[in-house]
Amino acid sequence: MKVLLLTARIRLDSAGGVTGAEVPTERGSDLRLRRDPAGGIHLPGTTVAGSLREHCGEELDDLFGSKPEERKDPDSEDFALTPSAIQVLGTRYRPAADAAEHDFHARTAIDRSRGAAENNTFHRVEQLPRGTEFDIVLRWDDPDPQRREAFLTKLKSWHPRLGRGVTTGAGRCRLVGWGFTDYDLATPEGLLDWVRRTGLDSYPEPTSQPAPAPAAEPLLNVRMTIVDGLHCGVGDEDKPEQAPREIFRLDGAPAIPGSTLKGIMRSRAEYICHVVGVPACNGQEDDKCRPCRIFGSGGHKSAWRGAIVVHTAVIENPVVEKERPHVAIDRFSGGYKDGALYKDELVVAGQFRLRIDQIGKLEDGDLPLLNAVIADLNDGLIGIGQSTMRGYGTVRVADSDWQEPDLSSLASTLRKDAA
């Protein structure tokens with residue numbers, strides 16, 4: 001018997017992580033990182049196996065056992081499950097150097113009819129910082145030499161997207177090292193070496209490094225400029241009462257969360273579909289309408305990942321106004337209301353890139369629909385962030401290569417596909 005032990009090291013290039021069950025809080029709920037019984041950060045082996053199966057494709061699909069659809073009818077006569085040839089023995093967490101162990105990212109859903117935050121949808125997602133690493137240990141008994149080489153070749157190009165929030169740019173990883181050792185248990189030397197290897201430190205060190213991966217070509221990469229004040233908050237519930245509400249930052253730089261941009265794109269795409277008479281739900285129905293197919297769905301009975309990734313946009317050359325005061329008006333006296341003064345931190349000028357990557361299948365009309373949303377942003381029909389109804393969040397396209405879609409052609413395509 002021969003045994004292949006392999007260690008693969010992956011590194012997070014964007015904040016992310018696999019979360020566990022929701023934990024109720026006073027303001028909403030927290031989605032906290034999955035942890036082992038000892039309280040340590042944990043990357044489940046099932047997550048790794050699923051990602052590897054998808055990456056290896058049909059050629060090596062059987063290395064990871066029966067497909068999910070093959071397990072649905074255990075009462076059939078030909079029902080038989082195939083175990084996975086490659087075992088995920090476990091994962092080891094390696095915290096990022098010079099970074100906080102984890103952070104929370106606040107989010108909420110938007111009510112489609114009111115255009116404001118929807119009740120009871122505020123939640124926070126706990127995420128690991130960029131630079132966090134995991135060592136993944138795999139075991140393969142009696143591997144076929146040719147398939148062994150084919151798997152190692154595939155592994156070197158593995159750049160997984162793991163955990164929650166993949167379609168908003170979270171959990172983007174890359175392979176940064178690997179190492180493997182072969183044991184021949186049929187020989188005294190191999191068997192002795194095998195039994196002497198005990199503990200985590202005995203696994204192969206991931207010293208080999210893959211060649212740099214070519215940069216992926218974005219589906220859309222449109223440069224935009226901020227016209228007036230833009231505020232994307234952080235849900236800072238612990239701030240002092242008189243302190244301004246801070247803007248979202250990524251590594252210290254003002255930024256627009258990918259979840260914000262994706263929410264705007266999705267809700268406007270739904271609106272455009274409704275205008276031209278095409279069915280579109282709000283993402284919580286068990287129906288694959290066009291927006292659900294593009295952006296994903298969290299239906300009550302089934303859910304699926306979207307076909308695109310809307311990345312967090314870092315604002316370049318930002319001009320930040322640290323405090324812009326506001327006060328509520330007393331409806332009876334017409335003057336200011338006591339105790340209702342508050343301040344916002346704003347980005348009043350700057351540029352950013354709206355980058356969208358494709359990770360799934362798109363159909364005719366999907367790209368023009370996304371460009372139609374960008375056209376509405378450019379025309380000022382919708383804005384980004386808070387207080388868009390009083391002038392905040394207006395942006396303009398500053399990319400000369402971008403072209404507005406033919407709206408008549410888009411409407412015809414959407415209606416034809418929905419028929």
Side-chain angles (χ1 to χ4, degrees), residues 12-16 96 98-100 103-108 110 117 124-125 127 129-131 165 168-170 172 215 218 220-240 242-265 268 309-326 342-357 373-402:
L12 282 170
D13 282 340
S14 64
D98 302 324
D103 196 8
F104 282 93
H105 182 189
R107 297 177 181 174
T108 189
I110 298 299
R124 300 190 309 165
V125 181
Q127 294 182 326
R130 292 196 299 174
T168 57
R172 189 175 72 255
L220 285 171
N221 192 18
V222 182
R223 188 174 183 83
M224 310 196 79
T225 185
I226 297 170
V227 175
D228 49 29
L230 188 150
H231 177 95
C232 294
V234 294
D236 45 358
E237 58 185 37
D238 298 326
K239 74 176 184 65
Q242 296 302 318
R245 298 188 294 184
E246 296 181 352
I247 57 174
F248 175 80
R249 285 178 166 83
L250 181 63
D251 295 336
I256 305 171
S259 57
T260 297
L261 294 170
K262 179 188 172 186
I264 294 166
M265 299 286 292
R268 195 62 180 182
V309 176
V310 185
H311 290 276
T312 293
V314 176
I315 299 173
E316 305 169 4
N317 305 313
V319 178
V320 177
E321 185 177 324
K322 299 299 292 184
E323 295 186 7
R324 178 174 290 187
H326 303 273
Y342 65 97
K343 304 170 185 176
D344 283 335
E345 183 181 23
L346 298 176
V347 181
V348 295
Q351 301 82 40
F352 66 92
R353 284 198 171 273
L354 175 57
R355 172 168 177 153
I356 299 176
D357 291 341
V373 176
I374 296 175
D376 285 352
L377 278 169
N378 183 58
D379 293 339
L381 300 178
I382 53 175
I384 298 173
Q386 85 162 31
S387 303
T388 57
M389 293 297 100
R390 48 193 173 104
Y392 283 8
T394 305
V395 297
R396 295 282 186 270
V397 172
D399 197 333
S400 58
D401 295 331
W402 179 79

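Positions are given from 1 along the sequence. From a predicted model like this one, the values you see are computed outputs, not experimental measurements.
Considering Arg324, Arg245, His231 as possible partners of Asp344, the one that fulfils the side-chain hydrogen bond (donor to acceptor under 3.5 Å, both in side chains) test is Arg245.
Rounded to the nearest 0.5 Å, atoms CG (Leu354) and CZ (Arg223) are 12.5 Å apart.
Between the side chain of Ser14 and the backbone N or O of Arg172 there is at least one donor-acceptor pair closer than 3.5 Å. No donor-acceptor distance shorter than 3.5 angstrom exists from the side chain of Asp376 to the backbone of Ile382, with no hydrogens or angles considered. Glu345 places a side-chain N or O within 3.5 Å of a backbone atom of Ile247 that can act as its donor or acceptor partner. In this structure a side-chain-to-backbone donor-acceptor pair under 3.5 Å is missing from Thr225 to Ala398. Checked by atom type and distance alone, the side chain of Asp399 never pairs as donor or acceptor with a backbone atom of Val222 at under 3.5 Å.
Residues Thr388 and Gly385 share a closest heavy-atom pair of CG2-O, 3.4 Å. Scanning both residues, Ser259 and His105, for their nearest heavy atoms gives OG-CE1, 3.7 Å. Between Arg355 and Pro218, the shortest heavy-atom contact is NE-CB, 3.7 Å. In terms of heavy atoms, Pro257 sits closest to Cys232 at CD-CB, 3.9 Å. Of all the heavy atoms in Val373 and Ile264, the pair that sits closest is CG1-O, 4.4 Å.
The side-chain heavy atoms of Ile315 and Ile256, taken from C-beta on, include a pair separated by under 4.5 Å. Contact of the Phe352 side chain with the Ile384 side chain is registered, since non-hydrogen atoms from C-beta on lie closer than 4.5 Å.
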